[in-house]
Amino acid sequence: MEGSNLNEKGSNVGGHRTHVKALEIRTAGLGGDSLIEFTKGEFLIGPKRVAPIAWLGQMYKGAHEALEFLNQNMHHYGTTTRKMQILALTGSVKQLDLISMEKKIVSLLKTRPHSIDELVQKTNVLADFSLPLQRLEENFILQRCGLTLTDLLHITGQFEKWDKNIAKEYCRMFCFLTKKTMPELTEHLLNMGVNLLTLELLKRQLDDETDPEAISSCPVCKVLIDNLLTRKNPDYEVAINLKRPVIGIGAPTKFFLSKAVKPLNAEAILPEDADVANAIGAITSNVVITKQLRIVPGDKGEFIVEGVAGTRRFKSFNNADHFAREELVRIVRERARVSGTSCQEVTLETCDKIPTTAGGDPIFMGRTLYASLKGRPDIVLEKNPLKTKMESLV
């Protein structure tokens, strides 16, 4: 979820101001593809994003086998549902030197999707955190799937795009663990999603004046917010009136936004093409890649290139400069390719630091080389189902 405005002090990124005039953006880990977990008796929604189980069932024939394994091992997930998340290969081909365990995981996933718990058992590692999944996910070799708000909308019939039945089958396991009926569970989680969205909208408003995250650590704030959301206290009522409307984009936003703005007495605006606005933004934006390297003098008269793996020393400044330029171009082009653009045009700039002594003699302290590439994302129509972008709420 994102909210935006123009702010002279810059965007708020991770709780810190950039102090460069920019769109005021507040991003929250809440969307139709936000992961729902049940851990230590409590539900958590987001911030991790995953593919919905309904989507997995629609795209992969072996998804039901992965769920069968989970059904047979339900006693493993009483404390946390983390190991119930399911992994599937994307079909993306990356030139990575995989370690043996990564190769084993890829080999298993080639047969069908597997839950994390099943991978733990088949690879004989001690625990799920021993599985080397990070690089495989970062390079989009595999996709993580789990219970999401989109799955719940499939179950209630409010949104139908993928496999409704497998979403029900997977959600039924959560019902077993929480001792709730399907209607109780879906209502509870959908309301939780609405309340989280209401809270994020309020935080976005407070962002202009204070640190809104303080709400989470303030006992008085928690009581007032609970009253705002539930209206349960018979003795008083908290009222907030937002003076500007909230515009929603993203396919599932119509199911949440109108309810989320009610406690704030705000107007919800849903544009005609709200369901595809995220996709339009994705294909009309540019991919921007930047990288810099430094050349500094060494202790023994050599020149050292900083910013690359390993220590690169050169006896000649010209050789160091030539290497740095070629390496910068190579790195930026590779990152651009991975980011989805075939643009090859790289712009290079240099900045030398050459102060003078009291006697007026110049001293070379270093050279910084800046490389940048800006290109349109490639639009490729593929059969690979994982190229579909998950929709967020607003």
Using the ring pair (Phe, Tyr, Trp, His ring centres under 6.0 Å) criterion, which residues pair with [X]? Sequence neighbours excluded.
X    : value
F317 : F303, F364
H64  : none
F129 : none
Y77  : none

task = State whether the side chain of D151 and the backbone N or O of I53 hold a donor-acceptor pair below 3.5 Å, judged by distance alone.
result = yes
key: Any donor-acceptor N/O pair, E302 side chain to K300 backbone, under 3.5 Å   =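 Side chain of E302 to backbone of K300: a pair is present.
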[X]: salt bridge (Lys or Arg N to Asp or Glu O under 4.0 Å) partners, not counting sequence neighbours:
X    : value
K83  : D117
E187 : none
E68  : none
R335 : none

Under-4.0 Å salt bridge between [X] and [Y]:
X    : Y    : result
R231 : E237 : yes
K222 : D226 : no
R172 : E169 : no
E334 : R337 : yes

With sequence neighbours excluded, what pairs up with [X] under the side chain to side chain donor-acceptor pair (under 3.5 Å) test?
X    : value
Q344 : none
T230 : none
H114 : K122

task = Give the ring-plane orientation class for W162 versus W55, where under 30° counts as parallel, over 60° as perpendicular and anything between as tilted.
result = perpendicular
Give a yes or no on whether [X] atom [atom1] has more than 12 heavy-atom contacts from other residues, nucleotides or ligands under 6.0 Å away.
X    : atom1 : value
M365 : CE    : no
I354 : CD1   : yes
H322 : NE2   : no

query = Should F323 and F314 be marked as a ring-ring contact (aromatic ring centres under 6.0 Å, His included) after you check the CA-CA gap, both sets of side-chain angles, and the distance that decides it?
reply = CA-CA 9 Å; F323 168 81; F314 298 86; 5.3 Å; yes
Side-chain donor-acceptor contact under 3.5 Å, N195 with T198 =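 Side chains of N195 and T198: no pair found under 3.5 Å.
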request  = Hey, could you give me each pair passing salt bridge (Lys or Arg N to Asp or Glu O under 4.0 Å) that has a residue in residues 339-356? Not counting sequence neighbours.
outcome  = D352-R367
